[in-house]
Amino acid sequence: MPELPEVETIVRDLRPRLTGRKLTNPRLHRPDVLRKVSRQRLLRTLDGNHVSAVDRRAKHLVVRLASGHRLVIQPRMTGSLVVYETRLTAEQRRYAVLEAGLGGGGRVVYRDVRRLGTIWLLDERGWQSYTLRIGPEPLATDFDADRFRHQMGGTRQAIKKALMDQRRLAGVGNIYANEALFRAQIDPSRPANRLARAELDRLYGHVRDVLEEAIAAQGTTVRDYRTGTGQSGSYQDLLQVYGRGGEPCRRCGARLVTTHEIDGRATTFCWHCQGMPR
DNA sequence: ACGAGGTCCTGCGAGC
DNA sequence: TGCTCGCAGGACCTCG
(Lines give C-alpha, C1' and ligand atoms only; values in the text may rest on other atoms or scores of the structure.)
Protein backbone atom coordinates (compact mmCIF):
# COMPACT_ATOMS: atom_id res chain seq x y z
CA MET A 1 0.00 0.00 0.00
CA PRO A 2 1.69 3.14 -1.12
CA GLU A 3 2.91 5.26 1.75
CA LEU A 4 5.62 7.92 1.48
CA PRO A 5 8.50 5.59 0.40
CA GLU A 6 6.42 3.85 -2.24
CA VAL A 7 5.15 7.10 -3.77
CA GLU A 8 8.66 8.57 -3.63
CA THR A 9 9.96 5.51 -5.49
CA ILE A 10 7.30 5.89 -8.18
CA VAL A 11 8.11 9.59 -8.53
CA ARG A 12 11.84 8.94 -8.93
CA ASP A 13 11.11 6.37 -11.62
CA LEU A 14 8.61 8.53 -13.46
CA ARG A 15 10.40 11.87 -13.29
CA PRO A 16 12.96 11.13 -16.05
CA ARG A 17 10.42 9.16 -18.06
CA LEU A 18 7.58 11.71 -18.03
CA THR A 19 9.10 15.17 -17.69
CA GLY A 20 8.83 17.09 -20.94
CA ARG A 21 6.68 14.44 -22.59
CA LYS A 22 3.43 15.16 -24.41
CA LEU A 23 0.28 13.32 -23.31
CA THR A 24 -1.81 11.94 -26.15
CA ASN A 25 -5.14 10.16 -26.49
CA PRO A 26 -5.97 9.97 -22.76
CA ARG A 27 -8.55 7.36 -21.81
CA LEU A 28 -10.51 7.07 -18.57
CA HIS A 29 -11.85 3.59 -17.95
CA ARG A 30 -13.23 4.05 -14.44
CA PRO A 31 -14.65 7.53 -13.81
CA ASP A 32 -15.61 6.76 -10.19
CA VAL A 33 -12.06 7.66 -9.03
CA LEU A 34 -12.49 11.32 -10.06
CA ARG A 35 -13.02 13.99 -7.40
CA LYS A 36 -14.37 17.43 -8.23
CA VAL A 37 -13.54 17.11 -11.91
CA SER A 38 -15.67 15.80 -14.75
CA ARG A 39 -14.48 13.12 -17.12
CA GLN A 40 -14.76 15.59 -19.99
CA ARG A 41 -12.72 18.32 -18.37
CA LEU A 42 -10.01 15.88 -17.26
CA LEU A 43 -9.58 14.32 -20.70
CA ARG A 44 -9.72 17.68 -22.47
CA THR A 45 -7.06 19.10 -20.14
CA LEU A 46 -4.74 16.12 -20.47
CA ASP A 47 -4.97 15.73 -24.25
CA GLY A 48 -1.97 17.38 -25.89
CA ASN A 49 -0.69 18.83 -22.60
CA HIS A 50 2.98 18.46 -21.61
CA VAL A 51 4.33 17.16 -18.30
CA SER A 52 6.46 19.88 -16.73
CA ALA A 53 7.35 18.10 -13.47
CA VAL A 54 6.63 15.01 -11.37
CA ASP A 55 6.59 15.44 -7.59
CA ARG A 56 5.38 13.86 -4.39
CA ARG A 57 3.39 15.42 -1.55
CA ALA A 58 2.67 13.12 1.42
CA LYS A 59 1.33 9.90 -0.19
CA HIS A 60 0.15 11.68 -3.33
CA LEU A 61 1.67 11.77 -6.80
CA VAL A 62 1.68 15.23 -8.33
CA VAL A 63 2.02 15.50 -12.11
CA ARG A 64 2.48 19.16 -13.07
CA LEU A 65 1.28 20.13 -16.51
CA ALA A 66 2.45 22.90 -18.82
CA SER A 67 -1.04 24.42 -18.60
CA GLY A 68 -0.45 25.07 -14.88
CA HIS A 69 -2.75 22.29 -13.71
CA ARG A 70 -1.70 19.55 -11.34
CA LEU A 71 -2.93 16.00 -11.79
CA VAL A 72 -2.95 14.67 -8.22
CA ILE A 73 -3.25 10.93 -7.70
CA GLN A 74 -3.73 9.25 -4.31
CA PRO A 75 -3.03 5.56 -4.92
CA ARG A 76 -4.31 4.59 -1.46
CA MET A 77 -4.38 0.81 -1.10
CA THR A 78 -3.90 -0.70 -4.51
CA GLY A 79 -3.08 2.07 -6.98
CA SER A 80 0.05 2.15 -9.11
CA LEU A 81 1.33 4.45 -11.84
CA VAL A 82 3.64 2.82 -14.34
CA VAL A 83 5.29 3.87 -17.61
CA TYR A 84 5.48 1.14 -20.25
CA GLU A 85 7.76 1.42 -23.25
CA THR A 86 6.33 -1.67 -24.92
CA ARG A 87 2.81 -2.81 -25.73
CA LEU A 88 0.71 -3.55 -22.68
CA THR A 89 -0.13 -7.14 -21.87
CA ALA A 90 -3.69 -8.11 -20.94
CA GLU A 91 -2.59 -8.41 -17.30
CA GLN A 92 -1.07 -4.92 -17.33
CA ARG A 93 -4.23 -3.45 -18.83
CA ARG A 94 -6.46 -5.22 -16.31
CA TYR A 95 -7.75 -2.75 -13.69
CA ALA A 96 -6.42 0.20 -15.71
CA VAL A 97 -8.24 3.33 -14.56
CA LEU A 98 -6.57 6.10 -16.58
CA GLU A 99 -4.00 5.85 -19.34
CA ALA A 100 -2.39 8.12 -21.90
CA GLY A 101 0.06 7.78 -24.74
CA LEU A 102 3.41 9.57 -24.58
CA GLY A 103 4.82 11.65 -27.39
CA GLY A 104 7.78 9.69 -28.77
CA GLY A 105 6.28 6.35 -27.69
CA GLY A 106 5.18 4.45 -24.64
CA ARG A 107 2.19 4.73 -22.35
CA VAL A 108 1.57 5.84 -18.80
CA VAL A 109 -1.06 3.81 -16.95
CA TYR A 110 -2.75 4.36 -13.60
CA ARG A 111 -4.01 1.00 -12.34
CA ASP A 112 -6.08 0.46 -9.22
CA VAL A 113 -7.68 -2.87 -8.30
CA ARG A 114 -9.94 -1.67 -5.49
CA ARG A 115 -10.29 1.90 -6.71
CA LEU A 116 -10.11 3.41 -3.26
CA GLY A 117 -7.59 5.75 -4.87
CA THR A 118 -8.65 9.16 -6.12
CA ILE A 119 -7.69 11.55 -8.91
CA TRP A 120 -7.92 15.32 -8.74
CA LEU A 121 -7.21 18.02 -11.30
CA LEU A 122 -6.25 21.19 -9.47
CA ASP A 123 -5.37 24.70 -10.53
CA GLU A 124 -2.94 26.79 -8.46
CA ARG A 125 -5.62 27.96 -6.06
CA GLY A 126 -7.01 24.45 -5.59
CA TRP A 127 -3.51 23.10 -4.99
CA GLN A 128 -2.77 25.68 -2.30
CA SER A 129 -5.85 24.79 -0.26
CA TYR A 130 -5.13 21.08 -0.81
CA THR A 131 -1.53 21.11 0.34
CA LEU A 132 -2.20 23.44 3.29
CA ARG A 133 -4.41 20.79 4.88
CA ILE A 134 -1.51 18.29 4.97
CA GLY A 135 1.20 18.29 7.64
CA PRO A 136 4.95 18.76 7.17
CA GLU A 137 7.13 16.38 5.17
CA PRO A 138 9.12 14.22 7.61
CA LEU A 139 12.15 14.00 5.31
CA ALA A 140 12.38 17.72 4.58
CA THR A 141 15.81 19.03 5.56
CA ASP A 142 14.29 21.66 7.85
CA PHE A 143 12.01 19.19 9.63
CA ASP A 144 13.78 18.78 12.97
CA ALA A 145 13.02 17.05 16.27
CA ASP A 146 11.51 20.23 17.72
CA ARG A 147 9.01 20.39 14.89
CA PHE A 148 8.22 16.69 15.27
CA ARG A 149 7.54 17.06 19.00
CA HIS A 150 5.33 20.05 18.28
CA GLN A 151 3.32 18.14 15.67
CA MET A 152 2.82 15.10 17.93
CA GLY A 153 2.16 17.08 21.09
CA GLY A 154 -1.05 18.19 22.73
CA THR A 155 -3.21 15.17 22.06
CA ARG A 156 -4.27 12.20 24.13
CA GLN A 157 -4.60 10.15 20.97
CA ALA A 158 -2.49 7.02 20.79
CA ILE A 159 0.95 7.90 19.43
CA LYS A 160 0.43 5.52 16.52
CA LYS A 161 -2.77 7.28 15.48
CA ALA A 162 -1.05 10.67 15.78
CA LEU A 163 1.85 9.44 13.60
CA MET A 164 -0.60 8.38 10.90
CA ASP A 165 -2.69 11.57 11.05
CA GLN A 166 -1.87 13.30 7.76
CA ARG A 167 -2.63 16.73 9.21
CA ARG A 168 0.10 16.23 11.80
CA LEU A 169 2.68 14.49 9.63
CA ALA A 170 2.68 13.73 5.91
CA GLY A 171 3.14 10.30 4.44
CA VAL A 172 3.36 7.83 7.35
CA GLY A 173 0.85 4.96 7.14
CA ASN A 174 0.28 1.72 8.96
CA ILE A 175 3.40 -0.16 7.86
CA TYR A 176 5.97 2.49 8.78
CA ALA A 177 4.15 3.62 11.93
CA ASN A 178 4.40 0.05 13.23
CA GLU A 179 8.05 -0.23 12.22
CA ALA A 180 9.15 3.13 13.65
CA LEU A 181 7.43 2.48 17.00
CA PHE A 182 9.08 -0.93 17.27
CA ARG A 183 12.51 0.53 16.57
CA ALA A 184 11.94 3.29 19.10
CA GLN A 185 10.66 0.68 21.61
CA ILE A 186 7.50 2.66 22.29
CA ASP A 187 4.09 1.15 23.03
CA PRO A 188 1.85 2.23 20.11
CA SER A 189 -1.17 2.72 22.39
CA ARG A 190 0.41 5.32 24.68
CA PRO A 191 -1.18 8.78 24.54
CA ALA A 192 1.04 11.06 22.48
CA ASN A 193 1.06 13.72 25.19
CA ARG A 194 2.45 11.25 27.74
CA LEU A 195 5.65 10.52 25.85
CA ALA A 196 8.83 11.92 27.33
CA ARG A 197 10.89 14.35 25.30
CA ALA A 198 13.63 11.75 24.92
CA GLU A 199 11.11 9.21 23.58
CA LEU A 200 9.77 11.63 20.98
CA ASP A 201 13.30 12.53 19.94
CA ARG A 202 14.08 8.84 19.53
CA LEU A 203 10.89 8.27 17.55
CA TYR A 204 11.69 11.24 15.30
CA GLY A 205 14.99 9.63 14.34
CA HIS A 206 13.47 6.22 13.71
CA VAL A 207 10.60 7.59 11.61
CA ARG A 208 13.10 9.28 9.34
CA ASP A 209 15.44 6.29 9.26
CA VAL A 210 12.75 3.77 8.41
CA LEU A 211 11.34 5.98 5.65
CA GLU A 212 14.79 6.50 4.13
CA GLU A 213 15.67 2.81 4.31
CA ALA A 214 12.36 1.89 2.68
CA ILE A 215 13.02 4.37 -0.16
CA ALA A 216 16.45 2.81 -0.63
CA ALA A 217 14.72 -0.60 -0.91
CA GLN A 218 12.17 0.77 -3.44
CA GLY A 219 9.30 0.37 -1.00
CA THR A 220 7.29 -2.49 0.47
CA THR A 221 5.33 -4.80 -1.83
CA VAL A 222 2.73 -6.80 0.09
CA ARG A 223 0.49 -7.45 -2.89
CA ASP A 224 -0.29 -4.73 -5.42
CA TYR A 225 2.34 -2.03 -5.04
CA ARG A 226 4.70 -1.63 -8.00
CA THR A 227 7.44 0.90 -8.72
CA GLY A 228 7.15 3.34 -11.62
CA THR A 229 8.71 0.71 -13.88
CA GLY A 230 6.45 -2.11 -12.73
CA GLN A 231 8.89 -3.87 -10.38
CA SER A 232 8.19 -5.06 -6.84
CA GLY A 233 9.83 -3.30 -3.89
CA SER A 234 12.04 -5.19 -1.45
CA TYR A 235 11.46 -3.65 1.97
CA GLN A 236 8.94 -6.39 2.83
CA ASP A 237 12.00 -8.58 3.51
CA LEU A 238 13.26 -6.10 6.11
CA LEU A 239 10.05 -5.55 8.09
CA GLN A 240 10.49 -6.16 11.81
CA VAL A 241 6.84 -6.24 12.94
CA TYR A 242 4.31 -5.38 10.22
CA GLY A 243 2.56 -8.54 9.02
CA ARG A 244 4.50 -10.69 11.52
CA GLY A 245 1.87 -11.13 14.25
CA GLY A 246 2.40 -14.45 16.07
CA GLU A 247 6.00 -14.73 14.86
CA PRO A 248 9.01 -14.24 17.13
CA CYS A 249 10.40 -10.76 17.76
CA ARG A 250 13.70 -10.39 15.92
CA ARG A 251 15.16 -8.56 18.92
CA CYS A 252 14.06 -10.69 21.93
CA GLY A 253 12.25 -13.73 20.56
CA ALA A 254 8.89 -13.04 22.26
CA ARG A 255 5.76 -13.64 20.19
CA LEU A 256 4.67 -10.49 18.39
CA VAL A 257 1.08 -9.42 19.14
CA THR A 258 -1.45 -7.98 16.68
CA THR A 259 -4.37 -5.93 18.00
CA HIS A 260 -7.03 -3.77 16.35
CA GLU A 261 -7.56 -1.53 19.34
CA ILE A 262 -6.04 1.60 17.83
CA ASP A 263 -8.40 3.18 15.30
CA GLY A 264 -9.53 -0.27 14.16
CA ARG A 265 -6.29 -0.90 12.27
CA ALA A 266 -3.89 -3.79 12.65
CA THR A 267 -1.14 -2.89 15.09
CA THR A 268 1.69 -5.39 15.57
CA PHE A 269 4.16 -4.89 18.38
CA CYS A 270 6.42 -6.71 20.83
CA TRP A 271 4.96 -6.59 24.34
CA HIS A 272 8.43 -7.19 25.76
CA CYS A 273 10.45 -4.64 23.78
CA GLN A 274 7.70 -2.02 23.59
CA GLY A 275 6.17 -2.50 27.04
CA MET A 276 2.76 -3.72 28.12
CA PRO A 277 -0.25 -1.58 27.17
CA ARG A 278 -0.74 0.93 29.93
C1' DA B 1 -12.55 18.61 20.80
C1' DC B 2 -12.74 14.07 20.56
C1' DG B 3 -13.96 9.21 19.72
C1' DA B 4 -16.74 5.82 17.45
C1' DG B 5 -18.40 4.04 13.48
C1' DG B 6 -19.91 4.07 8.46
C1' DT B 7 -18.43 4.44 3.58
C1' DC B 8 -15.86 3.41 -0.52
C1' DC B 9 -14.01 -0.96 -3.38
C1' DT B 10 -12.48 -5.91 -4.93
C1' DG B 11 -9.70 -10.05 -4.11
C1' DC B 12 -8.80 -13.58 -1.22
C1' DG B 13 -9.05 -17.18 2.15
C1' DA B 14 -11.80 -19.54 5.64
C1' DG B 15 -15.75 -22.14 6.58
C1' DC B 16 -19.64 -24.94 5.37
C1' DT C 1 -17.06 -27.49 -6.25
C1' DG C 2 -19.48 -23.39 -5.19
C1' DC C 3 -21.35 -20.39 -2.22
C1' DT C 4 -21.28 -16.70 1.65
C1' DC C 5 -18.87 -14.02 4.77
C1' DG C 6 -15.31 -11.30 6.94
C1' DC C 7 -11.26 -8.90 6.30
C1' DA C 8 -7.64 -5.95 4.23
C1' DG C 9 -7.48 -0.21 5.20
C1' DG C 10 -6.53 5.46 4.13
C1' DA C 11 -9.15 9.29 3.98
C1' DC C 12 -13.29 11.41 4.63
C1' DC C 13 -17.75 11.81 6.59
C1' DT C 14 -21.55 12.05 10.22
C1' DC C 15 -23.17 11.52 14.78
C1' DG C 16 -23.17 11.89 19.77
Side-chain angles (χ1 to χ4, degrees), chain A residues 1-8 10 28-37 56-62 72-81 90-98 110-120 122 126-127 129-135 137-138 151-181 188-194 207 211 214 219-226 232 236 239 241-246 256 258-269 277:
Chain A
M1 52 211 76
E3 302 181 26
L4 186 155
E6 289 73 30
V7 177
E8 182 64 27
I10 293 170
L28 179 70
H29 304 288
R30 308 298 304 237
D32 57 352
V33 301
L34 298 184
R35 294 293 180 279
K36 296 183 181 177
V37 59
R56 178 189 61 75
R57 173 75 172 113
K59 306 174 190 175
H60 315 154
L61 288 146
V62 184
V72 177
I73 299 178
Q74 296 192 12
R76 292 244 176 88
M77 296 298 294
T78 55
S80 61
L81 190 69
E91 182 59 25
Q92 288 164 342
R93 174 155 280 127
R94 200 173 177 212
Y95 307 114
V97 167
L98 175 68
Y110 176 64
R111 178 184 193 270
D112 192 345
V113 175
R114 287 185 212 163
R115 296 200 313 286
L116 291 177
T118 49
I119 295 178
W120 306 63
L122 301 175
W127 169 252
S129 70
Y130 192 88
T131 191
L132 276 172
R133 277 179 273 135
I134 305 171
E137 289 289 332
Q151 292 300 113
M152 292 299 121
T155 180
R156 287 171 295 175
Q157 284 179 348
I159 183 62
K160 180 177 178 244
K161 185 168 161 61
L163 267 183
M164 293 172 63
D165 183 340
Q166 299 300 295
R167 290 163 300 186
R168 294 180 181 276
L169 188 66
V172 176
N174 201 28
I175 294 175
Y176 301 109
N178 276 297
E179 293 298 310
L181 286 161
S189 67
R190 282 177 58 199
N193 63 3
R194 302 281 286 277
V207 165
L211 293 174
T220 302
T221 296
V222 176
R223 181 169 296 167
D224 295 285
Y225 159 69
R226 293 295 180 273
S232 292
Q236 63 277 9
L239 294 172
V241 285
Y242 179 84
R244 297 192 65 243
L256 297 175
T258 297
T259 76
H260 291 82
E261 283 164 24
I262 304 169
D263 209 27
R265 311 245 174 87
T267 299
T268 303
F269 69 103

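We name chains A, B, ... by the order of the sequence lines, and we start the count at 1 in each one.
A/I119 places its CD1 atom 15 Å from the C1' atom of B/dC8, with the value rounded to the nearest Å. What separates CG of A/N193 from P of B/dA1 is a distance of 16 Å, to the nearest Å. The separation between A/R168 atom CZ and B/dC2 atom P is 7 Å, rounded to whole Å. Between the P atom of C/dG10 and the CG atom of A/D224 lies a distance of 14 Å, rounded to the nearest Å. In this structure, CG of A/L4 is placed 14 Å from C1' of C/dG10, rounded to the nearest angstrom. Atom-to-atom, NZ of A/K161 to C1' of B/dA1 comes out at 13 Å; the value is rounded to the nearest Å. Atom-to-atom, CG of A/D165 to P of B/dG3 comes out at 11 Å; the value is rounded to the nearest Å.
Scanning both residues, A/E3 and A/N174, for their nearest heavy atoms gives OE2-N, 3.3 Å. Closest non-hydrogen pair, A/P191 versus A/R156, comes out as CB-O, 3.4 Å. The shortest non-hydrogen separation linking A/K160 to A/T267 is NZ-OG1, 2.9 Å.
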Sequence-aligned protein contact record of nucleotides 11-16 of chain C, with B where the base is within under 4.0 Å of a protein heavy atom and S where only the sugar-phosphate is
B-----

Report, as a single string ordered 5' to 3', how protein heavy atoms within less than 4.0 Å touch nucleotides 9-14 of chain B: B base, S sugar-phosphate only, - not at all.
BBSS--

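At least one side-chain heavy atom of A/Y130 sits under 4.5 Å from a side-chain heavy atom of A/H60.
In this structure, A/N178 contributes its side chain and A/V241 its backbone to no donor-acceptor pair below 3.5 Å. Within the 3.5 Å criterion, the main-chain N or O of A/V37 finds no donor-acceptor partner in the side chain of A/R35. Between the A/E8 side chain and the A/K59 main chain, no donor and acceptor come within less than 3.5 Å of each other. Checking side-chain atoms of A/R168 against main-chain N and O of A/M164 turns up no donor-acceptor pair under 3.5 Å.
Both A/D263 and A/T155 sit near DNA chain B, but only A/T155 has its closest nucleotide nearer the 5' end.
Phosphate contact (OP1/OP2 of C/dA8, side-chain N/O of A/H260, threshold under 4.0 Å): present.
Here A/Y176 lies out of heavy-atom contact (under 4.0 Å) with every strand. Using a 4.0 Å heavy-atom distance criterion, A/Q157 is classed as a sugar-phosphate-only contact. Within 4.0 Å (heavy atoms only), A/D112 reaches no atom of the nucleic acid at all.
A/R111 meets the salt bridge (Lys or Arg N to Asp or Glu O under 4.0 Å) test with A/E91; sequence neighbours excluded.
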